Q: 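Just passing along the structure, written as structure tokens.
All heavy atoms count here, side chains included; hydrogens, waters and symmetry mates do not. Lettering follows sequence order; numbering is per chain, from 1. No experiment lies behind these values; they were computed from the predicted model shown.
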Number of protein chains: 2
Amino acid sequence: MLTPAIEDYLKAIYDLAGEDGRASTSGLARRLDVAPASVTGMLRKLAERRPAWVVYQKSRGATLTPEGRLRALEILRHHRLIECFLHDALGYSWDEVHAEADRLEHAISETLEDRMASRLGDPLADPHGHPIPRKDGTLPPRREIPLADLPVGSSAVVSRVSDGDPALLRYLKGRGIVPNASLAVVDLGPLGDPLMVRVGDASETCALSRKVAGEVHVHDGPRERGQGT
Amino acid sequence: MLTPAIEDYLKAIYDLAGEDGRASTSGLARRLDVAPASVTGMLRKLAERRPAWVVYQKSRGATLTPEGRLRALEILRHHRLIECFLHDALGYSWDEVHAEADRLEHAISETLEDRMASRLGDPLADPHGHPIPRKDGTLPPRREIPLADLPVGSSAVVSRVSDGDPALLRYLKGRGIVPNASLAVVDLGPLGDPLMVRVGDASETCALSRKVAGEVHVHDGPRERGQGT
DNA sequence: TGGGACAATTAGGCGCCACTAAACGAGGGT
DNA sequence: ACCCTCGTTTAGTGGCGCCTAATTGTCCCA
């Protein structure tokens, strides 16, 4: 079986993993809000069980095995389908869905997962634009970059925004920065911060700090199918 | 806070409690599928915490305090609203809802509870006819008796059926024994078992063992508002 | 009143998942 | 090359919720 704690670790490793696929002890501790020592213990356990879910080298972080990755994607699918469902079927706003989904993702059955998915028409992305893993554990590939990396003068389409902070989400929605919105970086402040961004065909521009712009990802459009709202 | 285990105990005490409001150690152990010794330990804990949720006298079982009762009813409200929601909004059959609700009841927020309730039009009973506690912890009073206690020759209306066993639920639905169905006991077998029951205005009767008839509750109609389907 | 039968409790332990405190190690700067 | 720092690991603990085995209570019946 899979305890909620284990599911949380796998999910965290999955999305903290960078280029090399490795997640650090301290990164996980921060993300999961536990002491680093606790992370060490859990990583040892996940590496020792058969089949192993992570490969763990002392002091060098952990990487998911194929089995662990599959598990992580299952949880992620749960999480994002629940977000969609709360948003589309129960009128949750996009800044409320994350917290609720974090608890429910550990409690739903495969049956409920399937029924929600078909009720929603097998959505491809959650309300923040994050892609929903398919049942077989695959993810539609995407070419996207942080808005912060978009050169001045170029335009793009929002593909996703990070969903961790409700206040940030409300802020972004207030400025029309939602998946599928098109935007352009029209100017930079001193030292490259903030970015002056025009959203859609508004006449106004808004100022986004580099920090905020790092939480928004864009692709070069014209449009992707199946983004959230 | 309230762990899932504690919630399960409170719920179990609530609905094992008979006339005197007491639930026995062994009864709880059977219901919760744990060893009697585990029950003893948990009851001590629930009695010692402030505010206490149960009154516990060694070897004489436990009763809920008003606070404990309120907690139990909150969980019960969760459980039954979830059953309604799965049934009405996601097409679950009435024998599937119980197991799923047993896991979800511990994970939903007050917000989700409220939204499901208003989406469903504040239902008064779950799909098996069990009344849904109101937010203030009150329950609509009911006068109902086990079908097994209905005298031969009299008729009544089904108010609820027990929801623990999916096979029993499928069996009952197959015979039209659902909340609000009217039925009559037309005869008894030898030793009073089985009961010969006519459902609705069918020409056939069906035979229900006393054991099964104890799992079906009836009232004298003509009709109660807000029963499940 | 004294067993017997069965319910309930105590005693001791285990796995999970966190914690703190203290030791360890890896890498950068001097 | 050495040291210092910061990240990481080890060691030891604690709460929770369960277990088994052994003991104690309770109650009914002869």
Q: Measure the shortest side-chain to side-chain distance between W94(B) and V161(B) over non-hydrogen atoms and say whether it is less than 4.5 angstrom.
A: yes
Q: Is the shortest distance from a Lys or Arg side-chain nitrogen in R115(B) or E96(A) to a carboxylate oxygen in the other one below 4.0 Å?
A: yes
Q: For the side-chain contact (heavy atoms from CB on, under 4.5 Å) test, which of V212(A), V185(A), I177(A) pairs with L147(A)?
A: V185(A)
Q: Looking at H98(B) and P166(B), would you say the former's side chain and the latter's main chain have a donor-acceptor pair under 3.5 Å?
A: no
Q: Take the protein atom CG of L10(A) and the nucleotide atom C1' of dC17(C), then report the distance between them rounded to whole Å.
A: 15 Å
Q: Which letters describe nucleotides 6-21 of chain D, given B = protein heavy atom under 4.0 Å from base, S = only from sugar-phosphate, - = neither?
A: -SSBB-----SSSBB-
Q: Taking side chain to side chain donor-acceptor pair (under 3.5 Å) as the test, write out the residues that go with R77(B), two or more places apart.
A: E113(B)
